[in-house]
There are 2 protein chains.
Amino acid sequence: MTEIELPFRTLEWKADRLTLIDQRALPSKVNYIDYYNYRDIIVAIKNLTVRGAPAIGAAAGFAMVLASIEFAKETSNDYLGMLRKAADEIISARPTAVNLRWAVERIWKAVSSHNNSSVSEKHKLIEDEAIAIEQEDKELCRKIGEYGAKLIDDGDGVLTHCNAGALATAGIGTALGVIYTAAFGGKDIKIYSGETRPIDQGRRLTTWELAASGLDVTLLCDNMIGSLMRSGKVQEIVVGADRVAANGDTANKIGTFNIALIADYFDIPFYVAAPYSTFDPETPTGEDVPIEFRSPEEIIDIEDYAAIKGSIHVYNAAFDITPHELIAGYITDRGVVKASEIEQAVLTPLPD
Amino acid sequence: MTEIELPFRTLEWKADRLTLIDQRALPSKVNYIDYYNYRDIIVAIKNLTVRGAPAIGAAAGFAMVLASIEFAKETSNDYLGMLRKAADEIISARPTAVNLRWAVERIWKAVSSHNNSSVSEKHKLIEDEAIAIEQEDKELCRKIGEYGAKLIDDGDGVLTHCNAGALATAGIGTALGVIYTAAFGGKDIKIYSGETRPIDQGRRLTTWELAASGLDVTLLCDNMIGSLMRSGKVQEIVVGADRVAANGDTANKIGTFNIALIADYFDIPFYVAAPYSTFDPETPTGEDVPIEFRSPEEIIDIEDYAAIKGSIHVYNAAFDITPHELIAGYITDRGVVKASEIEQAVLTPLPD
């Protein structure tokens with residue numbers, strides 16, 4: 001199968017700069033921003049110009065390349081020391097983002113183990129490693145797409161949630177990678193996406209990237225999903241994952257669990273699409289995943305209630321846990337597996 | 001039990017004018033608007049200054065009184081003809097609102113059957129009937145509150161949806177009537193409310209009216225309900241209804257069905273609070289309820305996608321159907337009944 005080319009690029013490395021699509025402006029405006037300085041990429045990660053764990057990881061890799069370009073010009077001969085400092089700054093952009101730390105440390109390891117090479121040799125190692133991180137992510141997406149597309153039939157309606165798309169990765173996405181591969185493979189499918197309150201990644205990002213790519217996409221509010229499934233319009237659900245526990249319990253964007261329960265009632269298969277790196281052998285079950293609660297201001301302006309004598313609280317959980325019993329299969333870069341097969345098929349390292 | 005006094009009034013008749021709380025401005029601003037002209041009340045119904053079927057019905061009754069005041073002053077002796085014309089204008093403010101038509105026709109019937117009485121006698125009949133409609137609604141809310149409060153224990157967390165509150169009725173509300181009665185009866189309860197996308201009546205109205213009344217209320221996004229129930233914070237769910245079919249299937253604000261399914265998974269009782277008039281013997285099952293789809297603009301600005309080659313659609317269902325198997329009981333003004341008891345207990349007219 002030929003590589004799928006989408007009409008936008010989430011991130012693109014151009015020898016001396018990283019170009020990012022500004023995800024804050026979508027869908028109203030399609031703006032690309034050039035970054036020549038690693039500090040500006042830190043800002044872009046913090047303010048969500050770029051988001052999605054794999055996309056952040058790839059951007060962080062190129063931030064290291066830009067830091068290296070800068071430090072190689074300095075007369076100081078503490079190139080590695082400055083680079084380590086930059087690495088720590090980049091990691092601290094979003095401290096809980098596992099991919100961010102992983103990408104930066106991978107690059108650091110590649111360069112710091114070659115202490116005796118020249119600065120220009122070191123720089124080459126960094127750039128090669130950053131490009132490798134990007135390319136590997138593309139390849140993971142491509143494989144997930146190919147395995148997953150086989151689960152989708154011509155004429156199907158596919159519901160997704162949040163944005164596990166090209167905008168979240170360096171490639172065609174995980175859940176949306178499955179959808180792109182099915183659609184560009186010739187299947188006529190309709191895609192449904194909930195708003196994904198409170199940050200609205202489904203409304204702002206998923207509908208935009210699918211429609212920009214020429215697909216047929218329908219937006220609905222998250223609370224309309226039961227109504228939609230009852231109407232018979234949905235044949236499969238495909239979502240991404242933030243973390244999959246060893247038993248298959250899946251942490252993903254808030255609302256995923258609701259969808260899985262409703263799908264179970266209507267007997268509609270619910271799939272999780274994620275690369276091997278999202279499966280965590282250190283997390284036995286969903287009970288072991290800490291849930292992040294975010295600020296009330298994402299949902300409500302508490303000031304509006306200033307004159308009120310009662311108490312207004314906000315429950316703003318960022319993720320929920322979908323128990324593995326509700327998941328029909330996991331679409332990975334190593335094939336589609338069931339919960340009972342995760343340990344052998346996904347958590348076991350591949351032979352080199 | 002003494003009558004519950006809330007610190008706001010949804011609507012109040014003051015001899016020559018109707019005062020409405022402006023529900024469009026809540027929760028940021030608490031504005032009361034005086035209406036001296038029935039045409040302005042038509043505008044208020046259209047633009048959602050007043051909403052909620054029983055509140056609209058009561059407001060429409062007082063619109064008839066204002067029309068009568070105006071026409072009684074005219075030298076023309078076609079008082080009844082002008083009144084009928086006003087009645088039709090008021091009904092057309094929201095053509096699908098059953099309570100609106102019901103209230104206006106009830107008043108019309110009261111006055112048109114007394115063709116030989118004087119204009120001032122006719123006016124008295126209209127005002128008495130409008131006040132009776134308001135008082136009866138208060139009484140229905142009071143009874144629903146008293147029956148329902150017995151289902152709620154001290155220390156419980158109660159989840160509701162949309163706004164079936166004092167802001168939707170002339171009294172203390174239906175679902176929120178149950179909550180007020182439990183809380184003012186001395187039970188320490190916590191209330192949870194979803195945003196209720198896309199019009200956000202939960203966020204804008206339910207949290208405001210509960211907190212204004214001194215209660216402890218927590219807002220969440222509709223897609224966080226599974227997460228909330230898993231946390232063990234919810235002991236009962238109480239929602240209102242737009243229409244209950246003879247078999248107990250319930251049409252209510254979009255998202256209600258999702259909540260009922262999730263509650264079923266966690267074995268949390270799900271109650272529907274509604275007066276006898278919401279139960280429709282002409283509707284055998286939920287399949288027979290037409291579902292209103294509303295405009296895409298409530299959810300998305302399609303203009304944002306002007307440059308896109310694919311298709312963006314919007315699924316904006318205003319209501320969904322909760323099957324009776326998922327409903328633990330119906331809290332009515334005639335007591336709490338099960339689906340199998342609706343026909344005998346609720347649909348049978350009471351003896352005079």
Side-chain angles (χ1 to χ4, degrees), chain A residues 7 26-28 30 161 190 192 194-198 203 207-208 210-228 230-231 233 254-259 261-262 264-265 291 296 299-301 303-305 307-317 319-321, chain B residues 7 26-28 30 161 190 192 194-198 203 207-208 210-228 230-231 233 254-259 261-262 264-265 291 296 299-301 303-305 307-317 319-321:
Chain A
L26 293 174
S28 336
V30 183
H161 188 57
K190 291 188 192 304
Y192 296 89
E195 291 185 296
T196 318
R197 295 283 300 148
R203 180 177 64 73
T207 61
W208 180 83
L210 292 172
S213 304
L215 275 56
D216 181 308
V217 58
T218 299
L219 176 72
L220 63 158
C221 297
D222 302 313
N223 61 16
M224 296 171 186
I225 281 167
S227 167
L228 181 78
R230 182 189 290 283
S231 75
K233 293 182 195 292
I254 192 74
T256 303
F257 170 48
N258 291 13
I259 297 173
L261 267 179
I262 301 167
D264 189 57
Y265 179 83
I291 297 297
I299 306 181
I300 202 168
D301 186 347
E303 290 295 305
D304 283 348
Y305 296 83
I308 293 292
K309 64 177 178 169
S311 311
I312 291 273
H313 311 285
V314 173
Y315 181 93
N316 185 11
F319 303 98
D320 61 22
I321 306 294
Chain B
L26 294 174
S28 336
V30 183
H161 188 58
K190 291 189 192 303
Y192 296 89
E195 290 185 298
T196 319
R197 295 282 301 149
R203 180 177 64 75
T207 61
W208 180 83
L210 292 172
S213 303
L215 303 191
D216 180 307
V217 59
T218 299
L219 177 71
L220 62 159
C221 297
D222 301 311
N223 61 15
M224 296 172 187
I225 282 167
S227 166
L228 181 78
R230 183 189 290 282
S231 76
K233 292 182 195 291
I254 191 75
T256 303
F257 170 49
N258 291 13
I259 298 173
L261 267 180
I262 301 166
D264 188 57
Y265 179 82
I291 297 297
I299 306 181
I300 202 167
D301 186 346
E303 288 297 306
D304 284 347
Y305 295 83
I308 292 292
K309 64 176 179 169
S311 311
I312 291 274
H313 310 284
V314 173
Y315 181 93
N316 185 11
F319 303 99
D320 61 22
I321 306 294

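Naming convention: chains lettered A, B, ... in sequence-line order (proteins, then strands); numbering from 1 in each chain. Here the structure is a predicted model, which is why all the values come from computation and not from measurement.
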Taking side chain as everything from C-beta outward and backbone as N, CA, C, O, which of these in A:Lys190 sits under 4.5 Å from a heavy atom of chain B? Side chain, backbone, both or neither. neither

Go through the atoms of A:Glu195 and report whether side chain, backbone, both or neither lie under 4.5 Å from a heavy atom of chain B. side chain

Please check: side-chain N/O of A:Arg230 versus main-chain N/O of B:Ile321, any donor-acceptor pairing under 3.5 Å? yes

Is it the case that the side chain of A:Asn258 and the backbone of B:Asn223 share a donor-acceptor pair, with hydrogens and angles ignored and the cut-off at 3.5 Å? yes

Please classify the contact of [X] with chain A as side chain, backbone, both or neither, using a heavy-atom distance under 4.5 Å.
| X | value |
| --- | --- |
| B:Asp320 | side chain |
| B:Ile312 | both |
| B:Thr256 | neither |

Nearest 0.5 Å, please: how far is [atom2] in [Y] from [atom1] in [X]?
| X | Y | atom1 | atom2 | answer |
| --- | --- | --- | --- | --- |
| B:Leu228 | A:Tyr315 | CG | OH | 5.5 Å |
| A:Asn316 | B:Thr218 | CG | OG1 | 12.0 Å |
| A:Ile291 | B:Ser231 | CD1 | OG | 11.0 Å |
| A:Phe319 | B:Ser227 | CZ | OG | 11.5 Å |
| B:Ile225 | A:Phe257 | CD1 | CZ | 12.0 Å |
| A:Met224 | B:Asp222 | CE | CG | 9.0 Å |

Let me know which of B:Asp216, B:Val217, B:Leu219, B:Thr207 forms a side chain to side chain contact (heavy atoms under 4.5 Å, CB included) with A:His313. B:Asp216

Name the member of B:Gly226, B:Ala317, B:Ser311 that forms the most heavy-atom pairs with chain A at distances under 4.5 Å.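 Option with the greatest count: B:Ser311.
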
Looking at B:Gly214, B:Pro296, B:Gly194, B:Pro7, which one has more heavy-atom pairs under 4.5 Å with chain A than the rest? B:Gly214

Audit row: B:Cys221, A:Ile254, side chain to side chain contact (heavy atoms under 4.5 Å, CB included) steps and yes/no: CA-CA 9 Å; B:Cys221 297; A:Ile254 192 74; over 6 Å; no

For A:Asp304, the side chain to side chain contact (heavy atoms under 4.5 Å, CB included) test, sequence neighbours excluded, returns A:Asp301, B:Pro27, B:Ser28

